[in-house]
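First comes the structure, then the notes that go with it.
Counting starts at 1 for both ligands and their atoms, following the listed order.
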Amino acid sequence: MTRAAVLGSGSWGTAYAKVLADAGTDVTMWARRSELATSIAEGHENPDYLPGITLPENITATSDPQRALEGADIVVLAVPSQSLRANLAEWTESIPEDATLLSLAKGIETGTLLRMSQVIAQVTGADPSRIASLSGPNLARPIAEGQPAATVIACTDSRRALEVQKSCATGYFRPYTNTDVIGCEIGGACKNVIALACGMASGVGYGENTLASIMTRGLAEIIRLGTALGAKPATLAGLAGVGDLVATCSSTLSRNRTFGERLGAGGSMESAQKAAHGQVAEGVKSCTSVRALAESYDVEMPLTEAVHRVCHEGLSVPDAVGHLLGRRIKPE
Ligand SMILES: NC(=O)C1=CN([C@@H]2O[C@H](COP(=O)(O)OP(=O)(O)OC[C@H]3O[C@@H](n4cnc5c(N)ncnc54)[C@H](O)[C@@H]3O)[C@@H](O)[C@H]2O)C=CC1
Ligand SMILES: O=C(CO)COP(=O)(O)O
């Protein structure tokens with residue numbers, strides 16, 4: 001039986017652990033706090049992140065990363081992107097030699113501008129062929145409830161992509177394999193920034209026309225950046241691009257969209273952070289790293305630029321809208 005260690009017990013780490021267990025994989029979760037590990041292992045519930053969802057009996061949990069990693073075939077990295085490096089540094093020695101490393105995080109590291117698979121390769125020294133990324137329209141709670149959804153598992157080594165695919169395929173979760181790790185990771189990181197923009201527009205009171213315009217022009221800038229970095233346009237037209245963009249930008253369950261909505265309704269960054277109750281809205285940090293990455297490749301990303309200026313340079317949402325609409329008119 002395949003054995004997976006899921007490191008990180010937030011909303012998505014927990015929902016994905018349930019998918020794995022439902023697919024027949026043996027799962028041990030790692031949680032930072034021992035009380036949470038006990039709730040998951042003994043109460044079969046994660047009351048902090050997925051209250052009311054009963055977790056399968058074949059999920060165990062511990063706050064000892066070494067124990068979680070023992071004998072793992074697949075190591076699932078389910079911590080926020082900006083803390084992945086520090087966490088991995090503590091875990092590297094305990095990671096089994098040939099395990100596949102699967103990243104669930106959707107972000108670009110600030111400062112280094114690295115994608116998550118690059119951070120993992122740098123910290124662990126693992127060959128890139130051992131590193132996979134999972135991304136798609138996967139809001140945690142509906143998946144934990146068993147609502148059908150699809151996803152993409154990207155790995156340059158097709159054998160490992162298949163291994164991960166088999167470990168998580170269930171009656172409600174349908175994973176597709178892909179070799180385009182860059183496309184998957186760029187799609188996942190960038191859609192969070194565009195979801196912030198959609199939230200801001202919605203918070204101001206704008207409706208579907210505005211949101212569809214932001215999503216579509218957002219996709220155009222994601223494709224520009226992705227292809228400049230070597231992604232395949234088809235990946236960005238698929239589940240890890242358009243699929244995730246539409247789900248996140250449209251859903252009131254999205255943390256990024258909700259965060260943007262609070263800003264659009266006139267809230268401050270501080271009040272939006274406070275209202276998030278410790279849950280990460282990855283786009284708030286990634287807007288800065290995506291913008292810097294785009295700049296270094298000479299790629300224009302006006303929506304990302306606007307989100308960065310609202311979140312980090314004090315630009316008001318109405319001024320950002322005025323600025324975007326005042327740009328030179330041009331062919332599509
Ligand atoms: N929640 C969702 O619907 C989805 C989330 N993701 C991505 O998965 C990643 C993880 O997100 P969630 O599980 O939703 O996050 P979350 O906000 O629900 O929880 C974060 C988890 O990481 C832990 N954590 C926070 N800071 C940490 C640190 N410095 N060191 C170690 N652990 C830390 C928290 O205790 C918690 O267990 C993110 O990159 C997110 O974009 C991807 C798909 C769906
Ligand atoms: O990545 C997600 C859905 O695929 C979750 O988005 P949020 O982090 O905005 O909730």
Tell me which part of [X] gets within contact of ligand 1: side chain, backbone, both or neither, using heavy atoms under 4.0 Å.
| X | result |
| --- | --- |
| Ala78 | backbone |
| Val280 | both |
| Tyr49 | side chain |
| Lys106 | both |

Discussion item. Can you report which non-hydrogen protein atom sits closest to atom 30 (N) of ligand 1, along with the distance?
Written reply: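 Minimum-distance protein heavy atom for atom 30 (N) of ligand 1 reads Asn87 OD1, 3.1 Å.
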Worksheet item: How far is atom 22 (O) of ligand 1 from its nearest protein heavy atom, and which residue and atom is that?
Response: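 Here the closest protein heavy atom is Pro80 CD, 3.2 Å.
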Discussion item. Before you tell me yes or no, could you show the steps for Lys232 and Thr179 under side chain to side chain contact (heavy atoms under 4.5 Å, CB included), namely the whole-Å CA-CA distance, both residues' side-chain angles and the distance that decides it to 0.1 Å?
Written reply: CA-CA 10 Å; Lys232 293 188 189 127; Thr179 50; 3.4 Å; yes
Nitrogen or oxygen atoms of [X] and ligand 1 under 3.5 Å apart:
| X | answer |
| --- | --- |
| Trp30 | no |
| Asn192 | no |
| Gly278 | no |
| Val79 | no |
| Ser11 | yes |

Worksheet item: Heavy atoms under 4.0 Å from ligand 2: which residues qualify?
Response: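 Within 4.0 Å of ligand 2, the protein residues are Lys106, Gly136, Pro137, Asn138, Leu139, Lys191, Asp244, Thr248, Ser254, Arg255, Asn256.
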Donor on one side chain, acceptor on other, [X] and [Y], under 3.5 Å:
| X | Y | result |
| --- | --- | --- |
| Asp180 | Thr235 | yes |
| Ser251 | Ser254 | no |
| Asp73 | Thr2 | no |
| Glu109 | Thr112 | yes |
| Thr60 | Thr28 | yes |
| Asp127 | Ser129 | yes |
| Asn138 | Tyr16 | no |
| Thr100 | Glu163 | yes |

Just which atoms of ligand 1 are under 4.0 Å from any heavy atom in [X]?
| X | value |
| --- | --- |
| Gly13 | 13 (O) |
| Ala140 | 1 (N), 2 (C), 3 (O) |
| Ser83 | 27 (C), 28 (C), 29 (N), 30 (N) |
| Leu104 | 7 (C), 8 (O), 42 (C) |
| Gly10 | 13 (O), 18 (O), 19 (O), 21 (C), 36 (C), 37 (O) |

Worksheet item: Taking the non-hydrogen atoms of Gly107, is any one of them nearer than 4.0 angstrom to ligand 1?
Response: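 Gly107 does not count as a contact of ligand 1 under the 4.0 Å cut-off.
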Practice prompt. Begin with the C-alpha distance, continue with both residues' side-chain angles, and end with the deciding distance and a verdict on side chain to side chain contact (heavy atoms under 4.5 Å, CB included) for Arg115 and Ser81.
Written response: CA-CA 9 Å; Arg115 291 175 283 107; Ser81 49; over 6 Å; no
Fill in: Stepwise side chain to side chain contact (heavy atoms under 4.5 Å, CB included) test for Gln273 and Phe259
CA-CA 8 Å; Gln273 296 278 15; Phe259 196 103; 3.8 Å; yes
Worksheet item: Can you name the nearest heavy-atom pair linking Glu185 to Ser133, along with the distance?
Response: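 Distance-wise, the nearest heavy atoms are CG-OG, 3.6 Å.
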Item to complete: With atom 14 (O) of ligand 1 as the reference point, say which of Arg255, Lys191, Gln279, Arg32 has the nearest heavy atom.
Response: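 Minimum heavy-atom distance to atom 14 (O) of ligand 1 goes to Arg255.
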Fill in: Neighbour count above 12 (heavy atom, 6.0 Å) for Gln66 CD
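No.
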Worksheet entry | Gln122 and Arg85: CA distance, side-chain angles, deciding distance, side chain to side chain donor-acceptor pair (under 3.5 Å) verdict | CA-CA 9 Å; Gln122 203 175 67; Arg85 179 179 292 274; 2.8 Å; yes
